[in-house]
Participant: 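One structure is given below, represented as structure tokens, and several questions about it will come after.
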Protein chains: 2
Amino acid sequence: MGVTGHTPPNDTPPARSASIWDVARVAGVSQQTVSRVINGKTRVSESTRAKVMQVIAELGYRPNRLARTLAGGPVSSVTVLTSDTALFGAAATLRGMEEAARAAGFSVGISVLGPGTSNTDVALRLNRPQEPVMVIAYDDPGERALRELPPDVPVTAAVERPDDGSGGDPWQVWLDDRAAAAHATRHLLSLGHQTVHYVAIPSSTSALPQRTRGWQDALRAAGRPVPEPLRGGWTPRSGYLAVRSLLADRSVTAILCGNDDLALGVMRAAREAGRDIPGDLSVVGFDDTPASAYLHPSLTTVRLDFEGLGRACFGLLLRRLQPEAALSLPAWNEPELIVRESSGPPPA
Amino acid sequence: MGVTGHTPPNDTPPARSASIWDVARVAGVSQQTVSRVINGKTRVSESTRAKVMQVIAELGYRPNRLARTLAGGPVSSVTVLTSDTALFGAAATLRGMEEAARAAGFSVGISVLGPGTSNTDVALRLNRPQEPVMVIAYDDPGERALRELPPDVPVTAAVERPDDGSGGDPWQVWLDDRAAAAHATRHLLSLGHQTVHYVAIPSSTSALPQRTRGWQDALRAAGRPVPEPLRGGWTPRSGYLAVRSLLADRSVTAILCGNDDLALGVMRAAREAGRDIPGDLSVVGFDDTPASAYLHPSLTTVRLDFEGLGRACFGLLLRRLQPEAALSLPAWNEPELIVRESSGPPPA
DNA sequence: ATGAAAGCGCTAACAG
DNA sequence: CTGTTAGCGCTTTCAT
């Protein structure tokens, strides 16, 4: 006996779980037949199929996906590269990616990028040289990883904005931040504000980020002065610090923030400066986190469908892996301005 | 030529990236020597090592971790099983796990559990039958997955509370929620409140959750009435809905909430009911999310070191995988009450 | 419809 | 210090 050919004469059970060979032996069929039953692609007689299934259950057989992949089976794993998953956008995108991948039978790996990730490093994180990858590239570490991945790695990405010029990489997805920022800015102008100040999130590029551009677009189109954008980070604290000095100036009546956390910090700074929201100051954010509707005051913000974007990013990857299948891309929602209590007319 | 033995006579480059064999051939050494250089465990002469390293760089060789694992190499991958990563606790725990795992050279897979996950299902998500697993089991789907994993899978878990009786599973880690809840409750009592109401997060068990017990502990120890706990969900909205009717009763002057999101909803409901915080009502949460310090009013809450717990959970896994190594467990912080603006004395 | 053979890329024994 | 051999568990080919 000992089909695997190396069963020691006096064996202790090696705690090795049942393989396809074990199933084959017990079921009295070839190993190949078991494979066929498992994959269900090829036709197998009903009787043998039943027998094999029964033995699989008896032995508690569980397939080894590594071996399957190594042997040249279909691709069924992705690795997601992302920086800081504490950020709302990245976390939500990751959820969308994982959900779509799992639905398609993919296993998903995750690897977090730090600020100091060397170029070879990132490729070495993959489970195999050509494992497909999705990159969440809203910030600098993500963008760098995207650039530094070897060309033979199939990759799609959720990015902050399309590549300059060319109209966008076909393997990237993004939300129309520029239009959204313009929309939010127009909302504030239409309430009667003379201009709108902007607290920016960190940017991935030297070029002007899309939200900043959209904000400028709207101000310029209305012929309003364009203040210098304030540099914020990602946290409430950074928003708080960024605007403290600004708030002494009572002519500042409207502030657009790069995300909801910044907005939260800005609102706190405003209160401490004795400014009423929205009476003296309007504040608008980006993201529409679950908390935003319950803040005091509730936050006017731009809802961004990061989960949808993540799902689409995986759809794109699937299309890249199976070009012949002509897969349709799952749709995602465009950004939407949610008007709440934190924005209103300027003081009279 | 053709060490791999199947190079077609008239080959088009199969887009197959360089393997260890290719490196060996070019470097003029055996495949095994390349393996030795890569792993660095065995001694290799400096000259051959240099040669091999050079060829590795030339050919852009990247190791295949799947093959390594399949061939019986050291374990270097984990899968994390978790439900809803949108929750602060689960997300932070995941970050800690990923960080520790990556630092140890592990690749980490993630698979999200839904409410309806059948028992065989969960084992089939693993990349191989005996892949190590970490479960984030703060809620029911997590606890179920933990129960349903086959016994031969090495698993550690971050759980809401230790197993009943036995003093806790040695492969589980948890925070002392019970003591923390008692502490938070005593804080409110010491401010002069007659009693404290509690809005609970969903529980994973039929038994009383630890936070609920701690709250009761403190009330009983002080000889105060123990109100019926209110059942909340995880979101601000559920906190908002849970307490709306309660707030009509002005004798309710202190509410402890199962997490900060619930507290946010409770605070909003309170304002809408015309209650001032902390003047008429004190609110205390659990988690200390980054937003909590910037809310209006800023939230008194219990800081929980989920990231530390996640790192410890991986440490535990490592210990389980290498019992002989006698690894020390990374420490994590005990829960800590952060007193802010939302708690104060009851109205006179 | 089923079986047999070869091999994916690597590591773990053994040899020398 | 280095090379040889035998697999890991599975999916391709090809046969039958």
Side-chain angles (χ1 to χ4, degrees), chain A residues 2-8 14-25 27-52 56 59 61-77 126-131, chain B residues 2-8 14-25 27-52 56 59 61-77 126-131:
Chain A
V3 182
T4 41
H6 74 301
T7 313
R16 213 189 77 259
S17 62
S19 84
I20 204 176
W21 278 103
D22 302 320
V23 175
R25 185 169 39 75
V29 298
S30 88
Q31 171 260 46
Q32 183 53 230
T33 298
V34 177
S35 172
R36 290 187 175 106
V37 170
I38 292 170
N39 295 313
K41 315 287 285 187
T42 331
R43 300 209 52 79
V44 180
S45 87
E46 194 44 55
S47 57
T48 52
R49 144 167 278 111
K51 178 63 182 167
V52 168
I56 285 180
L59 267 48
Y61 165 79
R62 287 164 282 158
N64 186 321
R65 310 179 88 242
L66 303 192
R68 203 193 298 242
T69 303
L70 188 62
V75 183
S76 66
S77 62
L126 306 183
N127 291 316
R128 59 195 172 86
Q130 320 229 14
E131 181 171 61
Chain B
V3 182
T4 42
H6 75 300
T7 314
R16 212 188 81 258
S17 61
S19 83
I20 204 175
W21 278 104
D22 302 319
V23 176
R25 185 170 39 74
V29 298
S30 88
Q31 172 262 39
Q32 183 53 232
T33 298
V34 177
S35 171
R36 289 187 177 108
V37 170
I38 292 170
N39 296 312
K41 314 287 286 187
T42 331
R43 301 210 52 79
V44 180
S45 84
E46 195 44 55
S47 57
T48 51
R49 142 167 280 111
K51 178 64 182 165
V52 168
I56 284 180
L59 267 48
Y61 166 80
R62 287 165 281 156
N64 186 320
R65 311 178 90 241
L66 302 192
R68 201 193 297 240
T69 302
L70 188 62
V75 182
S76 67
S77 62
L126 306 183
N127 291 316
R128 58 195 173 87
Q130 321 228 14
E131 180 171 60

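Naming convention: chains lettered A, B, ... in sequence-line order (proteins, then strands); numbering from 1 in each chain. All values derive from a computational prediction rather than experimental measurement. All heavy atoms count here, side chains included; hydrogens, waters and symmetry mates do not.
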Participant: Measuring from the side chain of B:Thr48 (C-beta onward, heavy atoms only), which nucleotide among D:dC10, D:dG3, D:dT2 has the closest atom?
Facilitator: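 Nucleotide nearest to B:Thr48's side chain: D:dT2.
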Participant: Specify the residue among A:Arg68 and B:Val29 whose closest nucleotide of DNA chain D lies further upstream toward the 5′ end.
Facilitator: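 Nearest-nucleotide comparison on DNA chain D picks B:Val29.
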Participant: For the residue pair A:Leu70 and B:Asn64, establish whether any side-chain heavy-atom pair is separated by less than 4.5 Å.
Facilitator: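 Yes; the side chains approach each other to less than 4.5 Å.
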Participant: Would you mind telling me which of D:dG3, C:dG9, D:dG9 lies closest to the side-chain atoms of B:Thr33?
Facilitator: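 The listed nucleotide nearest to B:Thr33's side chain is D:dG3.
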Participant: Toward the 5' end of DNA chain D, which comes first, A:Arg65 or B:Ser45, by nearest nucleotide?
Facilitator: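 Upstream on the strand: B:Ser45.
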Participant: Counting only distance, no hydrogens or angles, is the base of D:dT13 paired donor-acceptor with the side chain of A:Gln32 under 3.5 Å?
Facilitator: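 Under the 3.5 Å cut-off, the side chain and the base do not form any donor-acceptor pair.
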Participant: Does A:Gln31 contact D:dT11 through a side-chain donor or acceptor facing the base, at a distance under 3.5 Å?
Facilitator: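 Present.
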Participant: Which heavy atom of B:Ser17 sits nearest to which heavy atom of B:Asp22, and what is that distance?
Facilitator: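 Closest pair (atom of B:Ser17, atom of B:Asp22, distance): O-OD2, 4.3 Å.
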Participant: Would you please confirm or rule out a distance under 4.0 Å between OP1 or OP2 of D:dG9 and any side-chain N or O of A:Arg16?
Facilitator: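 Looking at the OP1 and OP2 atoms of D:dG9, one of them is under 4.0 Å from a side-chain N or O of A:Arg16.
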Participant: Side chain of B:Thr42: nearest nucleotide among D:dC8, D:dT2, C:dA1?
Facilitator: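 Nearest to the side-chain atoms of B:Thr42, counting from C-beta on, is D:dT2.
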Participant: Please check: side-chain N/O of B:Arg68 versus main-chain N/O of B:Gly73, any donor-acceptor pairing under 3.5 Å?
Facilitator: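 No, the answer is negative, given that no donor and acceptor are paired below the 3.5 Å cut-off.
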Participant: Is a donor-acceptor pair below 3.5 Å formed from side chain B:Arg36 to base D:dG3, judging by atom type as modelled?
Facilitator: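 By the distance-only test, yes, there is a pair.
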Participant: From the options C:dT2, D:dC1, C:dC8, select the nucleotide whose nearest atom is closest to the side chain of B:Arg43.
Facilitator: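 In terms of side-chain proximity for B:Arg43, the closest of C:dT2, D:dC1, C:dC8 is D:dC1.
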Participant: Under the side-chain contact (heavy atoms from CB on, under 4.5 Å) criterion, do B:Ile38 and B:Ile20 qualify, and how do the steps go?
Facilitator: CA-CA 9 Å; B:Ile38 292 170; B:Ile20 204 175; 4.2 Å; yes
Participant: Starting the side chain at C-beta, find the nucleotide from D:dC1, C:dG9, D:dC10 nearest to A:Pro63.
Facilitator: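 Between D:dC1, C:dG9, D:dC10, the one nearest the side chain of A:Pro63 would be D:dC10.
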